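What follows is a set of notes on a single structure, which appears directly below.
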Amino acid sequence: MDELIESYRRFRAETWARERDRFETLAERGQSPRVLVVACSDSRVDPQMIFSAVPGELFVVRNVANLVPPYQPDAAYHGTSAALEFGVRVLRVQHLVVLGHALCGGVRALLEGMPPGTEDFVAGWMGIAREARDRVLLRCEGVSDDARQEAGEQEMVRLSLKNLMTFPWIREAVEAGRLRLHGGHFGIPSGTLSMLDEAGDFAPVPDTGPGDQRPFGGSNR
Ligand SMILES: [Zn+2]
C-alpha cells in the first residue's frame with residue numbers, strides 16, 4: 001500500500017498539477033465521452049494508454065476476457081450490462097469498441113480448462129463463451145497452441161459484438177446510425193492494435209496515416 005500512496009503523491013504533484021483545469025471543467029460540465037470501450041481486466045491492457053486518451057474521453061468497462069453477455073434483464077447483478085446501459089442510453093456514446101488482447105488468461109482458461117480457484121464466478125462468467133469455444137476448437141484442430149489462442153481471443157471479440165446487438169437499445173442506435181460498433185485486438189508483446197474489418201478479419205492499424213482514418217477518438221486536446 002505504501003507504494004500506492006507514494007504513486008498517488010506523485011499524481012498530485014505532477015499529473016494533477018498539470019491536468020487540474022481539465023478535471024475542474026469535467027466536474028463542472030459533467031462527462032460526455034464519445035467512446036465506450038469493453039476491455040479485459042488484464043493489467044497489461046490499458047485502453048486509456050493505448051488510445052492516448054485523457055480523463056473524460058473513454059467510458060471503460062473491464063471484465064474477464066472482455067465479454068459482453070447476452071441481453072438478460074432479470075434480477076441478477078449484471079455489472080457489464082449496467083455499464084453498457086449507462087454508456088449507451090444516458091451518455092449516448094457514438095462508438096463502442098470491444099477490445100480483446102493477446103495472451104488473455106480468460107481465453108486460455110476457456111480453451112485449456114479453468115485453473116483451480118475460479119469455480120465461484122469465473123467459470124460461470126466464461127460460460128457466456130461456451131459455444132464460441134467449441135467453434136474455435138473445431139476450427140483450430142491441428143494448429144499451434146499460439147494460433148488457437150489468438151483465434152480464441154478474436155472469437156471473443158466477435159461474440160461480444162454479436163451479443164451487443166441483442167440489447168434492443170444498442171441495436172436501435174446502431175440501425176439509426178447513432179452508434180457504431182468496432183472490434184479490436186491488442187498485441188501485448190508487439191504493442192500493435194488490429195481492428196476487425198467488414199469482412200470479419202483483424203487487420204493491423206498502420207502506424208501512420210491521415211487522422212480521418214482513425215476509427216474513433218481524435219478529440220481536440
Ligand atoms: Zn484478458
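The structure presented is a predicted model; accordingly, all values stated were derived computationally and were not measured.
- Cluster annotation: Leu181 and Leu84 are assigned to the same hydrophobic cluster (Ile/Leu/Val/Met/Phe/Trp/Tyr, side-chain heavy-atom contacts under 4.5 Å, transitive).
- The shortest distance between side-chain heavy atoms of Leu26 and Arg22 falls below 4.5 Å.
- Between Pro69 and Thr80 the shortest side-chain heavy-atom distance falls below 4.5 Å.
- No donor-acceptor pair under 3.5 Å is formed between the side chain of Ser81 and the backbone N or O of His78.
- Side chains of His101 and Glu153: a donor-acceptor N/O pair is absent below 3.5 angstrom, by distance only.
- Residues Val37 and Phe59 are not in side-chain contact: their nearest non-hydrogen atoms beyond the backbone lie 4.5 Å or more apart.
- In this structure, Leu103 and Ile188 approach most closely via the heavy-atom pair CD1-CB, 4.4 Å.
- The aromatic rings of His185 and Phe202 lie perpendicular to each other, with more than 60° between the two planes, well past the 30° mark.
- Side-chain contact between Pro70 and Thr166 is present, with at least one heavy-atom pair separated by less than 4.5 Å.
- Taking a 6.0 Å sphere around CG of Asp74, one finds it holds more than 12 heavy atoms contributed by other residues, nucleotides or ligands.
- Asn63 contributes a side-chain N or O that, together with a main-chain N or O of Leu67, makes up a donor-acceptor pair within less than 3.5 Å.
- Placement of Val38 and Leu91 within a single hydrophobic cluster is found when ILVMFWY residues are connected by side-chain heavy-atom separations under 4.5 Å, directly or transitively.
- Residues Asn66 and Cys40 approach most closely at OD1-CB, 3.5 Å, considering heavy atoms.
- Closest non-hydrogen pair, Cys140 versus Arg148, comes out as CB-CG, 3.6 Å.
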| Are Leu36 and Val61 close enough, and set up right, to give a side chain to side chain contact (heavy atoms under 4.5 Å, CB included), and what steps lead you there? | CA-CA 8 Å; Leu36 189 158; Val61 190; 4.0 Å; yes

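- When side chains are defined from C-beta on, Glu155 does not count as touching Leu159, because their heavy atoms never get closer than 4.5 Å.
- We find the CZ-OH distance between Phe167 and Tyr71 to be 8.0 Å, quoted to the nearest 0.5 Å.
- Nearest heavy atoms, Pro189 versus Ala102: CD-CB, 4.3 Å.
- For the atom pair CG of Asp46 and CZ of Arg62, the computed distance is 5.5 Å after rounding to the nearest 0.5 Å.
- No donor-acceptor pair under 3.5 Å is formed between the side chain of Glu14 and the backbone N or O of Phe11.
- Looking at heavy atoms from C-beta onward, Ile128 lies in side-chain contact with Asn163 at the 4.5 angstrom threshold.
- The main-chain N or O of Met165 is found under 3.5 Å from a side-chain atom of Arg171 such that the two form a donor-acceptor pair.
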| request: Please test Leu99 against Val45 for side chain to side chain contact (heavy atoms under 4.5 Å, CB included), starting from the C-alpha separation and ending with a verdict. | output: CA-CA 9 Å; Leu99 181 65; Val45 184; 4.0 Å; yes

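- By the criterion of side-chain heavy atoms lying less than 4.5 angstrom apart, applied directly or through intervening Ile, Leu, Val, Met, Phe, Trp or Tyr residues, Val35 is not grouped with Phe86; the two fall into different hydrophobic clusters.
- Residue Ala151 comes nearest to Arg139 through the heavy atom pair CB-NH2, 4.1 Å, listed as atom of the first residue, atom of the second, then distance.
- No more than 12 heavy atoms of other residues, nucleotides or ligands lie within 6.0 Å of CD in Glu131, so this atom counts as exposed by the packing criterion.
- Leu164 and Val97 sit in two unconnected hydrophobic clusters of ILVMFWY residues. Membership requires side-chain heavy atoms under 4.5 Å apart, directly or through other members.
- In terms of heavy-atom proximity, Ser160 sits nearest to Val68 at OG-N, 3.0 Å.
- The neighbour count for Arg10 CZ, taken as heavy atoms of other residues, nucleotides or ligands under 6.0 Å away, does not exceed 12.
- Arg180 places no side-chain N or O within donor-acceptor distance of the main-chain N or O of Leu96, the cut-off being under 3.5 Å.
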| request: Starting from the C-alpha separation in whole Å, work towards a yes-or-no answer on side chain to side chain contact (heavy atoms under 4.5 Å, CB included) for Val60 and Gln48. | output: CA-CA 9 Å; Val60 179; Gln48 186 146 320; 5.7 Å; no

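- Atoms CZ and CG, from Arg133 and Leu111 in turn, are 8.0 Å apart once rounded to the nearest 0.5 Å.
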| message | Gln94 vs Arg178, test: side chain to side chain contact (heavy atoms under 4.5 Å, CB included). Steps then yes/no. | response | CA-CA 6 Å; Gln94 293 156 34; Arg178 292 195 310 271; over 6 Å; no

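- Atom CG of Asp42 and atom CZ of Phe186 lie 10.5 Å apart (nearest 0.5 Å).
- Residue Arg44 places its CZ atom among more than 12 non-hydrogen atoms of other residues, nucleotides or ligands, all under 6.0 Å distant.
- Around the CD atom of Glu3, the shell of radius 6.0 Å holds no more than 12 heavy atoms that belong to other residues, nucleotides or ligands.
- Residues Ile170 and Val90 fall within the same hydrophobic cluster, defined by Ile, Leu, Val, Met, Phe, Trp and Tyr side chains chained together at heavy-atom separations under 4.5 Å.
- Two residues are said to be in side-chain contact when any heavy atoms from C-beta on lie closer than 4.5 Å; Trp169 and Glu85 meet this criterion.
- Side chains of Val136 and Leu110 form no contact here, defined as non-hydrogen atoms less than 4.5 Å apart.
- Other residues, nucleotides and ligands place more than 12 heavy atoms under 6.0 Å from the CG atom of Asp197.
- Proximity of a side-chain donor or acceptor of Thr118 to a complementary backbone N or O of Met114 within less than 3.5 Å is not detected.
- Atom-to-atom distance recorded for Arg20:CZ and Thr15:OG1 is 14.0 Å, nearest 0.5 angstrom.
- Between the CZ atom in Arg12 and the OG atom in Ser7 there is a gap of 15.0 Å [rounded to 0.5 Å].
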